[in-house]
Novice: 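Here it is, the structure in full.
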Amino acid sequence: MRSPFRPGVVPDAAILDDHRSLVRSLERRGLIRGGLSLGALVMLTGCDVKRPEAVESALLAISRLNDGVQALLFDPDKLAPTYPASMILRPPKFNAYYDVTKVKPVDGASWRLELSGRIADKRPWTVSQLNALPQTSMVIKHICVEGWSYIGGWTGPQLRTFLEHVGADLRARYVAFKTADQYPSSIDMATALHPQTLLATQYGGDTLAAPFGYPARLRTATKLGYKNPKWITAIEVTNTYPGGFWEEKGFSWFAGI
Ligand SMILES: Nc1nc2c(c(=O)[nH]1)N[C@H]1C(S)=C(S)[C@@H](COP(=O)(O)O)O[C@H]1N2
Ligand SMILES: [Mo]
């Protein structure tokens with residue numbers, strides 16, 4: 001799926017200049033920040049830098065994605081659309097900042113979810129403890145800034161339930177995640193407490209397959225794909241802005257849909 005991107009080969013930034021007004025509009029709307037490098041755009045969207053039309057369509061895809069953003073932002077009670085189970089795509093579409101053949105499966109038996117920050121009970125969690133929490137299922141659309149989407153069915157405890165269980169400070173600002181593949185990510189507390197934000201352990205009624213985040217990944221219906229870290233190994237509740245993998249490269253932190 002990913003077109004070849006050789007780190008170290010910095011594409012000609014002049015190609016971004018060719019789309020200055022579109023870039024400015026994305027910046028104004030908070031979708032990208034001034035520092036967005038063409039390299040990061042290429043890496044995340046997989047577009048071919050040598051073709052200015054491809055750069056333009058990648059920027060347009062990001063632009064279109066945000067059109068519904070204001071409706072969901074800051075409204076903790078607003079639900080994202082859900083779909084019938086018959087629409088669940090099997091298997092789901094894979095994406096990561098590397099190819100699917102490079103996925104390193106996580107061993108669920110030895111896996112521990114580490115907890116830190118503003119959490120009363122920081123004892124690490126096992127898979128069976130997660131499975132013992134009340135479970136929620138949702139069928140939602142996954143939207144990637146690459147310009148593709150699919151309907152997926154996810155099951156697991158609501159992140160809210162988990163956070164309540166461990167005595168997290170629910171008035172803190174951020175929930176941050178570490179992952180087995182070094183893909184740091186973080187969300188605002190309102191999103192963490194949203195009913196459509198799960199610590200997902202199942203897809204389509206089956207245990208998550210290795211490429212999709214086994215044993216646990218975030219699935220939130222109100223954020224773009226890149227705000228859904230897979231293979232979570234640690235959760236921190238904090239008031240210090242934690243950032244994230246793509247966010248450090250110039251993409252929007254809020255990334256609502
Ligand atoms: N740990 C980890 N999580 C990740 C990523 C990644 O590279 N590593 N990529 C993100 C992006 S950009 C997308 S679109 C989704 C893809 O999730 P899927 O493979 O379940 O469709 O995972 C997100 N979570
Ligand atoms: Mo993505």
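Source: prediction; values computed, not measured. Atoms within each ligand, like the ligands themselves, are counted from 1 in listed order.
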Novice: Residue by residue, ordered by chain and number, which ones reach under 4.0 Å of ligand 1 with a heavy atom?
Specialist: L44, K93, F94, N95, A96, Y97, H142, C144, Y150, T179, D181, Y183, F212, R217, G225, Y226, N228, P229, K230, W231

Novice: Which pairs, with at least one residue in residues 156-167 and sequence neighbours excluded, count as a side-chain hydrogen bond (donor to acceptor under 3.5 Å, both in side chains)?
Specialist: R160-E164

Novice: Write out all pairs satisfying salt bridge (Lys or Arg N to Asp or Glu O under 4.0 Å) with one or both partners inside residues 19-28, taking only residues at least two apart or from two chains.
Specialist: none

Novice: Any salt bridge (Lys or Arg N to Asp or Glu O under 4.0 Å) involving residues 166-185? Give me the pairs, sequence neighbours left out, ordered by first then second residue.
Specialist: R118-D169

Novice: Let me see the working for D188 and K223 under salt bridge (Lys or Arg N to Asp or Glu O under 4.0 Å), right down to the final yes or no.
Specialist: CA-CA 11 Å; D188 52 289; K223 294 279 187 213; 3.3 Å; yes

Novice: Between the side chain of K227 and the main-chain N/O of S185, is any donor-acceptor distance below 3.5 Å?
Specialist: no

Novice: For the residue pair K249 and F251, would you count it as a cation-pi contact if the rule is NZ or CZ under 6.0 angstrom from the ring centre and within 45 degrees of the ring axis?
Specialist: no

